[in-house]
Amino acid sequence: MSFVVTGATGALGRLVIEELLRRTAPGEIVALVRDRAKAAGLAAHGVEIRTADYGRPDSLQGAFAAGDRVLFISGNEAGQRVTQHRTVIDAAREAGVALLAYTSVLGGPTATFSIAEEHLATEQALLASGVPYCLLRNGWYHENYTGALATTLTTGTVVGSAGEGRVATAARRDYAEAAAAVLTGSGQENTVYELSGDTAWTMAEYAAEVSRQTGRRIRYRDLPPEQYVALLVEAGVPALGAQLVADADAGIARGELSATPGELSRLIGRPTTPIAEAIAEALKGLEGMEGRPG
């Protein structure tokens with residue numbers, strides 16, 4: 001049996017591999033990647049590298065082996081994910097994997113924002129396949145917000161379209177630990193986890209926490225969705241991506257990403273990382289960047 005992580009060179013995949021290395025022998029871990037060169041660091045740790053691309057069905061032949069326990073990290077090509085994901089599920093079924101754990105979205109079929117549509121279609125395909133599954137319905141990451149801190153500090157503004165809606169974020173590493181726990185645990189077949197942070201917060205509260213930690217006046221500027229889309233496009237975000245982000249904010253405004261069932265903290269055996277801690281870590285990272293020679 002091997003523990004296979006797809007998209008293993010991505011931000012989440014690398015963290016899952018790191019956690020698996022703490023839990024099991026490197027020889028039991030397989031990284032599924034598109035670009036073998038980007039996986040050199042993983043190979044150096046003794047992780048087996050297999051090459052495959054969601055968009056190339058032929059490359060998935062032999063990507064999995066009978067008995068593999070697989071973390072299937074969702075693709076990032078909006079509009080193509082359903083077709084690509086079905087290809088992965090088909091390959092897993094043909095190989096006879098022991099478990100296919102899929103990174104879906106918090107709320108599953110109750111989520112009405114656009115990003116959730118491809119996740120729901122994937123869930124339906126997975127359930128219909130007969131492959132033993134685990135649905136990891138991940139909420140939003142802290143990094144969705146702290147990744148924009150440099151811009152926030154420059155403009156003095158957090159911009160969005162979420163109104164007073166709350167979002168229960170957690171650190172990407174929290175979700176990675178949960179995924180590793182599922183892969184290496186027992187009794188995970190045909191289960192569903194609603195994963196989110198322990199505390200939900202508003203965008204205004206986020207801005208206030210950035211203000212508190214920096215001593216700067218940071219405010220939240222709430223925009224109508226169409227204006228938010230236009231602002232994102234002006235900043236260089238592709239039109240489709242901008243629309244998906246704004247639509248997800250509308251979902252937050254409706255309360256669709258605010259659930260705090262506590263399943264993530266139970267899986268990882270500790271409280272989830274607070275947003276304040278994530279902000280502090282991101283600010284330290286920015287200080288480090290500023291201190292580097294140009």
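The aromatic rings of Phe113 and Trp140 lie perpendicular to each other, with more than 60° between the two planes, well past the 30° mark. Under the 30°/60° scheme for interplanar angles, the aromatic rings of His85 and Tyr102 are found to stand perpendicular.
Heavy-atom neighbours of Glu281 CD from other residues, nucleotides or ligands within 6.0 Å: at or below the threshold of 12. Annotation: Arg23, atom CZ; neighbour count of heavy atoms from other residues, nucleotides and ligands within 6.0 Å is above 12. In this structure, Glu164 places its CD atom where only 12 or fewer heavy-atom neighbours from other residues, nucleotides or ligands lie under 6.0 Å away.
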After noting the C-alpha distance and the side-chain angles of Asp174 and Thr273, does the key distance pass the side chain to side chain donor-acceptor pair (under 3.5 Å) rule? CA-CA 7 Å; Asp174 294 343; Thr273 306; 3.0 Å; yes
Step-by-step side chain to side chain contact (heavy atoms under 4.5 Å, CB included) determination, Phe64 to Thr6: CA-CA 10 Å; Phe64 308 118; Thr6 75; 4.2 Å; yes
With side chain to side chain contact (heavy atoms under 4.5 Å, CB included) as the test, would you mind laying out the steps for Glu94 and Gln61 before giving the verdict? CA-CA 9 Å; Glu94 291 172 8; Gln61 299 301 315; 3.7 Å; yes
Side chain to side chain contact (heavy atoms under 4.5 Å, CB included) between Leu15 and Tyr175, intermediate numbers included: CA-CA 9 Å; Leu15 291 176; Tyr175 293 109; over 6 Å; no
Could you walk me through whether Val5 and Val47 pass the side chain to side chain contact (heavy atoms under 4.5 Å, CB included) test, one step at a time? CA-CA 11 Å; Val5 179; Val47 174; over 6 Å; no
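Counting only N and O atoms by type, the side chains of Tyr145 and Thr152 include no donor and acceptor under 3.5 Å apart. Between the side chains of Arg254 and Thr112, at least one donor N or O lies within less than 3.5 Å of an accepting N or O.
The residues Arg69 and Glu189 are annotated as salt-bridged, a charged nitrogen and a carboxylate oxygen being separated by less than 4.0 angstrom. Using a 4.0 Å cut-off between charged nitrogen and carboxylate oxygen, Glu19 and Arg22 count as a salt-bridge pair. Under the 4.0 Å criterion applied to side-chain N and carboxylate O atoms, Glu263 and Arg137 are not assigned as salt-bridge partners. Ion pairing between Glu287 and Lys284 fails under the 4.0 Å rule for side-chain N and carboxylate O.
In this structure, Ala239 and Val233 approach most closely via the heavy-atom pair CA-CG2, 4.0 Å. When every heavy atom of Pro271 is checked against every heavy atom of Ser265, the shortest pair comes out as CA-CB, 4.1 Å. Between Leu42 and Ala8 the shortest heavy-atom distance is CD1-O, 3.9 Å. The shortest non-hydrogen separation linking Pro132 to Ala98 is CB-O, 3.2 Å. Ala181 approaches Leu267 most closely through the heavy-atom pair CB-O, 3.9 Å. The two residues Ala248 and Ile115 have their closest heavy-atom pair at CB-CD1, 4.1 Å.
Counting only heavy atoms from C-beta outward, the side chains of Tyr141 and Leu12 approach each other to under 4.5 Å. Taking 4.5 Å as the limit, some side-chain heavy atom of Tyr193 sits within range of a side-chain heavy atom of Gln188. Contact check for Arg216 versus Val210: no side-chain heavy atoms found under the 4.5 Å cut-off. At least one side-chain heavy atom of Leu283 sits less than 4.5 Å from a side-chain heavy atom of Leu153. Taking 4.5 Å as the limit, some side-chain heavy atom of Ile218 sits within range of a side-chain heavy atom of Val158. Residues Leu71 and Val182 form no side-chain contact, since every pair of their non-hydrogen atoms from C-beta on lies 4.5 Å or further apart. Between Glu177 and Arg270 there is a side-chain heavy-atom pair separated by less than 4.5 Å. Thr122 has its side chain out of reach of Val88: every pair of non-hydrogen atoms, C-beta onward, lies at least 4.5 Å apart.
Ile49 CD1 to Arg36 CZ: the interatomic distance, rounded to the nearest 0.5 Å, is 6.5 Å. A distance of 10.0 Å separates OG1 in Thr154 from CG in Leu149, rounded to the nearest 0.5 Å. Atom CG of residue Leu195 and atom CG of residue Leu136 lie 6.0 Å apart, to the nearest 0.5 angstrom. Taking OG1 of Thr184 as the reference point, atom CE of Met1 lies at 9.0 Å (rounded to 0.5 Å). Summarising the geometry, atom CZ belonging to Arg56 is positioned 12.0 Å from atom OG1 belonging to Thr87; distances are rounded to the nearest 0.5 Å. The distance from atom OG1 of Thr260 to atom CG of Leu257, rounded to the nearest 0.5 Å, is 12.5 Å.
A donor-acceptor pair is defined here as one N or O able to donate and one able to accept, closer than 3.5 Å; such a pair exists between the side chain of Glu118 and the backbone of Gly79. Distance alone, capped at 3.5 Å, places no donor-acceptor pair between the Thr24 side chain and the Leu20 backbone. Side chain of Glu205 to backbone of Thr202: a donor-acceptor contact under 3.5 angstrom is found. At distances below 3.5 Å, at least one donor-acceptor pair connects side-chain atoms of Glu143 with backbone N or O atoms of Arg172. The backbone N or O of Gly107 sits nowhere less than 3.5 Å from a side-chain atom of Glu256 that would complete a donor-acceptor pair. A donor-acceptor contact shorter than 3.5 Å links the side chain of Ser59 to the backbone of Asp53. Judged purely by atom type and a 3.5 angstrom limit, Asp68 has no side-chain atom pairing as donor or acceptor with the backbone of Val4. A donor-acceptor contact shorter than 3.5 Å is absent between the side chain of Thr157 and the backbone of Val159. Side-chain atoms of Arg93 never come within 3.5 Å of backbone atoms of Gly130 as a donor-acceptor pair (strictly under, hydrogens ignored). At least one donor-acceptor pair closer than 3.5 Å links the side chain of Asp222 to the backbone N or O of Ala162.
For an aromatic pair to be called close, the ring centres must be under 6.0 Å apart, and Tyr206 with Tyr220 fails this. The ring of Phe72 has its center no closer than 6.0 angstrom to the ring center of Tyr133.
Leu106 and Trp201 fall within the same hydrophobic cluster, defined by Ile, Leu, Val, Met, Phe, Trp and Tyr side-chain heavy atoms under 4.5 Å apart, directly or through other members. In the hydrophobic clustering of this structure, Val82 does not group with Leu120; members are Ile, Leu, Val, Met, Phe, Trp, Tyr whose side-chain heavy atoms approach within less than 4.5 Å, directly or through other members. Leu32 and Val131 fall within a single hydrophobic cluster, where Ile, Leu, Val, Met, Phe, Trp and Tyr side chains are chained together by heavy-atom contacts under 4.5 Å. Clustering ILVMFWY residues whenever any of their side-chain heavy atoms sit less than 4.5 angstrom apart, transitively, puts Leu126 in a cluster other than the one holding Val105. Residue Leu264 is not grouped with residue Ile252 when hydrophobic side chains (ILVMFWY) are merged at heavy-atom distances under 4.5 angstrom, including chains of intermediate members.
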